[in-house]
Amino acid sequence: MSIRIVGIGSALPEKKMTNNEIAEMVETSDEWIRERTGIVSRHVSTGETVASLAADACLRALEQAGKRAEDVELILVATCSPEEALPCGACQVQEKIGASKAVAFDINAACAGFLFALHTAWAYVEAGIYENALIAGSEVLSKLVDWSDRGTCILFGDGAGAVLVEKCDTGGLMSFTQHSDGRKGFVLSCGNRQLSNPFVRPMHEEKYVQMDGREVFSFAVKQIPLTIEEALKKANLTPENVDLFVLHQANKRIIEGIAKRLGVDISRFPMNLERVGNTSSAAIPVLLDELHRKGIIRRGQTIVLSGFGAGLSCGACVIEW
Ligand code: UT7
């Protein structure tokens with residue numbers, strides 16, 4: 001028994017921000033950003049929230065599947081940038097789309113969040129607890145980024161993608177693997193509200209993304225080929241058997257490095273980061289939706305998904321679409 005993606009959708013904020021607009025705010029250039037990352041523009045919220053984007057993406061996934069919100073049993077929202085500590089984004093999505101029967105909660109594994117949520121849904125279905133799940137990756141990272149830090153503000157974008165998965169007897173999710181290394185947490189971090197109570201006053205207010213870009217880069221290029229090979233081995237497959245590698249959209253050079261290490265032609269690594277930037281947990285489902293709408297993804301194909309980022313966390317899975 002496994003799970004199969006039966007519906008997919010995405011939602012991006014209306015406002016598009018180009019590299020040139022960022023170059024008016026910090027010392028950088030369109031040329032530098034394109035060359036070092038592959039990013040040309042990204043969508044930035046002017047009011048859209050993690051919950052509103054996730055709800056829009058979920059409604060599109062349901063519509064594409066021809067299914068009703070009332071029949072959804074589980075809603076998982078992967079996010080590291082919720083507007084509210086309470087209630088969780090998934091409960092807000094439940095209310096917005098009218099999925100009254102569903103159990104809803106959030107998962108935070110940063111850029112690996114969508115994959116970890118997909119694997120969690122698989123576990124619930126495999127255990128016989130639920131038969132379907134709506135899984136969204138949704139981020140409004142623009143509020144976590146220091147817009148005076150050129151090392152990070154050029155990278156990220158806002159958006160959401162969602163899939164509806166259902167129990168299936170053949171195909172679907174064939175294998176997965178996931179890893180976390182909390183010892184490297186300092187490499188990519190973002191503060192939250194500091195301890196403040198009658199006994200303790202906050203020492204400092206550091207609430208923006210801090211990143212050692214080179215460390216993240218080298219972690220991804222070294223670890224992801226191994227993680228993908230691990231997932232493929234579990235499915236008794238090799239990279240040659242894979243039609244498409246849909247990876248977290250962090251940096252074009254990272255994806256090129258992974259393709260090279262796997263010995264796979266870059267043409268099998270579709271990208272959309274030039275138009276959306278790094279949308280963390282939303283990156284994989286946003287790209288999947290785009291590829292599906294363009295007819296690039298078709299039933300029966302073997303697809304590898306892989307995400308990596310803060311934690312440090314990473315994962316990969318093999319699916320038969
Ligand atoms: O989802 C996971 C999230 N994180 C990531 O995926 C990040 C992965 N890392 C990266 O994508 C890259 O490390 C960056 C794009 C962040 C940086 O690229 P890099 O090639 O690793 O640059 P660097 O940090 O080694 O910096 C090289 C130079 C430095 O100048 P000096 O010290 O050589 O004079 C930086 O100060 O480039 C400078 N620099 C910039 N210059 C123009 C850094 N950011 C910029 C910028 N514009 N935006």
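Note that the structure is a prediction, hence the values are computed from the model and not measured.
A donor-acceptor contact closer than 3.5 angstrom links the side chains of Asp146 and Ser148. No donor-acceptor contact under 3.5 angstrom links the side chains of Glu48 and His43, judged on distance only. Donor-acceptor pairing under 3.5 Å is lacking for the side chains of Ser45 and Asp158. Glu31 and Ser29 share no side-chain donor-acceptor pair at under 3.5 Å. Using modelled atom types and a 3.5 Å distance limit, the side chains of Asn272 and Glu290 yield a donor-acceptor pair.
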Can you list, pair by pair, the side-chain donor-acceptor contacts under 3.5 Å of residues 70-82, counting residues two or more places apart and other chains?
unit_1	atom_1	unit_2	atom_2	d
Asp71	OD1	Arg68	NH2	3.2
Asp71	OD2	Arg68	NE	3.1
Glu73	OE1	Glu131	N	2.4
Glu73	OE1	Asn132	N	3.4
Thr79	OG1	Ser81	N	3.1
Thr79	OG1	Ser138	O	2.7
Thr79	OG1	Glu139	OE1	3.2
Ser81	OG	Glu139	OE1	2.6
Ser81	OG	Val140	N	2.9

Could you list the donor-acceptor pairs under 3.5 angstrom formed between side-chain atoms of residues 295-303 and any protein atom two or more places apart in sequence or on another chain?
unit_1	atom_1	unit_2	atom_2	d
Arg298	NH1	Gly295	O	3.3
Arg299	NH2	Ile5	O	3.1
Gln301	OE1	Arg298	N	2.9
Gln301	NE2	Ile296	O	3.4

Can you check salt bridge (Lys or Arg N to Asp or Glu O under 4.0 Å) on Glu229 and Arg261, steps first, answer last? CA-CA 11 Å; Glu229 275 167 354; Arg261 284 194 183 217; over 6 Å; no

So Arg34 and Glu274, salt bridge (Lys or Arg N to Asp or Glu O under 4.0 Å) or not? Walk me through it. CA-CA 8 Å; Arg34 276 177 200 251; Glu274 69 275 13; over 6 Å; no

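Taking the six-membered ring where tryptophan is involved, the planes of Tyr130 and Tyr124 are tilted, since the angle between them lies from 30° to 60°.
Looking at Leu115 and Ile284, their side chains come closer than 4.5 Å, going by heavy atoms from C-beta outward. The closest side-chain heavy-atom distance from Ser189 to Tyr208 is not below 4.5 Å. A 4.5 Å side-chain heavy-atom check between Thr177 and His179 finds at least one atom pair inside the cut-off. Side chains of Phe176 and Val318 form no contact here, defined as non-hydrogen atoms less than 4.5 Å apart.
Residue Arg42 comes nearest to Val40 through the heavy atom pair NH1-O, 3.7 Å, listed as atom of the first residue, atom of the second, then distance. Heavy-atom minimum distance, Lys96 versus Ala55: CD-CB, 3.7 Å. The shortest heavy-atom contact between Ala23 and Thr28 is CB-O, 3.5 Å. Contact record, Ala61 with Leu164: CB-N, 4.2 Å, taken as the closest heavy-atom pair. Between Pro285 and Gly137, the shortest heavy-atom contact is CG-N, 4.4 Å.
Atom CG in Leu144 sits 4.5 Å away from atom SG in Cys190 (nearest 0.5 Å). The CE atom of Met174 sits 9.0 Å away from the OG atom of Ser2 when rounded to the nearest 0.5 Å. The line from CG of Leu237 to OG of Ser175 is 7.5 Å long, rounded to the nearest 0.5 Å. A distance of 7.5 Å separates CG in Leu141 from OG in Ser281, rounded to the nearest 0.5 Å. To the nearest 0.5 Å, the span separating CG on Asn251 from CZ on Phe217 amounts to 5.0 Å.
For Glu126, the CD atom counts as densely surrounded, since its 6.0 Å shell holds more than 12 non-hydrogen atoms of other residues, nucleotides or ligands. At most 12 non-hydrogen atoms from other residues, nucleotides or ligands lie less than 6.0 angstrom from NZ of Lys184. Counted within 6.0 Å of CZ on Arg193, heavy atoms from surrounding residues, nucleotides or ligands total 12 or fewer; the atom is thus considered open. Atom NZ of Lys67 sits in a sparse spot, with 12 or fewer heavy atoms from other residues, nucleotides or ligands closer than 6.0 Å. A 6.0 Å sphere centred on NZ of Lys233 holds no more than 12 heavy atoms belonging to other residues, nucleotides or ligands.
Between Glu35 and Arg253, no side-chain nitrogen of the basic residue sits less than 4.0 Å from a carboxylate oxygen of the acidic one, so the salt-bridge criterion is not met. Between Lys15 and Glu21 a salt bridge is recorded (basic side-chain N to carboxylate O distance below 4.0 Å).
Residue pairs meeting the ring-ring contact (aromatic ring centres under 6.0 Å, His included) criterion with at least one member in residues 296-321, sequence neighbours excluded, are His248-Phe308, His292-Trp321.
Linking Ile, Leu, Val, Met, Phe, Trp and Tyr whenever their side-chain heavy atoms come within less than 4.5 Å leaves Val242 and Ile319 in two separate clusters. Placement of Phe245 and Leu118 in two distinct hydrophobic clusters is found when ILVMFWY residues are connected by side-chain heavy-atom separations under 4.5 Å, directly or transitively.
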